[in-house]
Amino acid sequence: MTVLGIETSCDETAAAIVHGRPPGPATILANIVASQIPDHAPFGGVVPEIAARRHLDLVEGVVARALSDAQTPIANIAAIAVTAGPGLIAGVTVGLLFAKGLAQATGKPLIALNHLEAHALTVRLTHAVPYPFLLLLVSGGHCQIVRVDGLGVYTRLGTTLDDAAGEAFDKTAKLLGLGFPGGPAIERAAQTGDPSRFVFPRPLADSHSLDFSFSGLKTNIRRLIESLPSFDEQTRRDIAAGAQAAIRDVLVRQTSRAMGQERERLGPKPHLVVAGGVAANAPIRDGLTRAAVSRGYECVIPPARLCTDNAAMVAWAGLERLRDGQISGLDVSPRARWPLDARYAHLKAAKS
Ligand code: KG4
Ligand code: ZN
């Protein structure tokens, strides 16, 4: 089966062609990501209106390039998979409308997908990880621990009470004047920083909860910067290193708790999967891998380019749903919020 994937939910306009079948692994025949970073950088964050206009400019060309890179005529595509949410609603709408038009023009089935599910299932595309597995999903908009029992069977065990981990990276970078996107900039600066010079709180240490809280970090950093008599380059790197260590420690601690709690349910060979843009961070990958190994888990993390937003993950999730016969109607609506765990669908405040 060969599926075209389209992704426009944030600031990457992406299209990919993936060939294979569940449980994977699969072959990525093309994976085009047109980043809008230069468009948003002057504003220090993604501007939804600009993102939607850029998706509109780029989506057709990106899809055409994916098809030509893969040397796959559209006639050979089994289905068109597209992110239908959660995300910036105008951007999601651009991708979904384009996919609907293509599906109608070609007669191919449309598969409207949850972006978080696409992140979650990437490890099946890369490593054929079997169900069930424990997932830490850490991106710019989401930070949650989920038990994945099968396609579409998700139990959320913990989530952020305020900011997502990627958001904490982005806000820290903004305070430090390190530019956008924050995660890679903080990781680079931290390489030559001393994480022990400034030690930031690691919230929720005493509770048994599997939730996260990151909003205190930016307040701490803002106060610290205001209190410093001078702010030199080394101080900037040391704060970056301290912030990254705090985020890493909280992720490792809460995920370790979850690994302990879920050990029995996951069978004799449990897997910890890490997905989302923050999983591109080397010290975080390293910390989680060590924690997993020490608890008898195998830790599987996709390569960095498949952790940040891309359409190969969308095409793969489409393949899984196609194999299951789950096709969408052409009347499917875009969704700004769309929790993976259906038990939370009624909560208006929750982003995911
Ligand atoms: O998954 P993603 O590309 O988009 C969302 O669905 O949100 O994640 C983007 C987030 C941003 O907050 C970005 O700063 C963070 O992932 N990120 C990183 C790194 N690369 C991207 N965070 C820490 N270290 C990185 N190397
Ligand atoms: Zn994402």
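Counting starts at 1 for both ligands and their atoms, in listed order.
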Going through the checks in order, is the side chain to side chain donor-acceptor pair (under 3.5 Å) test met by Thr27 and His19?
CA-CA 5 Å; Thr27 308; His19 176 79; over 6 Å; no
Step-by-step side chain to side chain donor-acceptor pair (under 3.5 Å) determination, Asp286 to Thr289:
CA-CA 5 Å; Asp286 195 44; Thr289 304; 5.7 Å; no
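Taking only nitrogen or oxygen atoms, main chain and side chain alike, Gly140 reaches within less than 3.5 Å of ligand 1. Residue-to-ligand polar distances place Gly277 within reach of ligand 1: an N/O pair is separated by less than 3.5 Å.
Checked for salt-bridge contact, Arg53 and Asp39 miss the test: no charged N lies under 4.0 Å from a carboxylate O. In this structure, Arg54 pairs ionically with Asp57, as a charged nitrogen and a carboxylate oxygen lie closer than 4.0 Å. Salt bridge present: Asp238 and Arg197 bring a charged side-chain N and a carboxylate O closer than 4.0 Å. Between Glu226 and Arg223, none of the side-chain N atoms (NZ, or NE/NH1/NH2) sits under 4.0 Å from a carboxylate O, so this pair counts as no salt bridge.
Near His119, the atoms of ligand 1 lying under 4.0 angstrom from a non-hydrogen atom of the residue are 1 (O), 6 (O). When each atom of ligand 1 is checked for a heavy atom of Gly141 under 4.0 Å away, the hits are 7 (O). For ligand 1 and Gly166, the ligand atoms under 4.0 Å from any heavy atom of the residue are 12 (O). Those atoms of ligand 1 that come under 4.0 Å of a heavy atom in Asp170, given as number and element, are 11 (C), 12 (O), 13 (C), 14 (O). When each atom of ligand 1 is checked for a heavy atom of Ser139 under 4.0 Å away, the hits are 1 (O), 5 (C), 6 (O), 7 (O), 8 (O).
In this structure, the protein non-hydrogen atom closest to atom 18 (C) of ligand 1 is Gly183 CA, 3.5 Å. Nearest to atom 26 (N) of ligand 1 among the protein's heavy atoms is Glu187 OE1, 2.7 Å. In this structure, atom 3 (O) of ligand 1 lies nearest to the protein heavy atom Asp309 N, 2.9 Å.
The closest donor-acceptor contact from the side chain of Arg295 to the backbone of Val293 lies at 3.5 Å or more, if one exists at all. Between the Gln254 side chain and the Ser209 main chain, a donor and an acceptor come within less than 3.5 Å of each other.
At least one heavy atom of His115 sits closer than 4.0 Å to an atom of ligand 1. In this structure, Pro184 counts as a contact residue of ligand 1, since one of its heavy atoms falls inside 4.0 Å of the ligand.
The number of protein N/O/S atoms found under 2.8 Å from the Zn ion (ligand 2) is 3.
Across all their heavy atoms, Ser215 and Asp163 have their closest contact at CA-OD2, 3.6 Å.
Annotation: the span from Arg124 atom CZ to Trp316 atom CH2 amounts to 6.5 Å, rounded to 0.5 Å.
The cationic atom of Arg337 (NZ for Lys, CZ for Arg) does not lie both less than 6.0 Å from the six-membered ring centre of Tyr344 and within 45° of the ring axis.
Both Leu306 and Val129 are assigned to one and the same hydrophobic cluster, defined by single-linkage of ILVMFWY side chains at heavy-atom distances under 4.5 Å.
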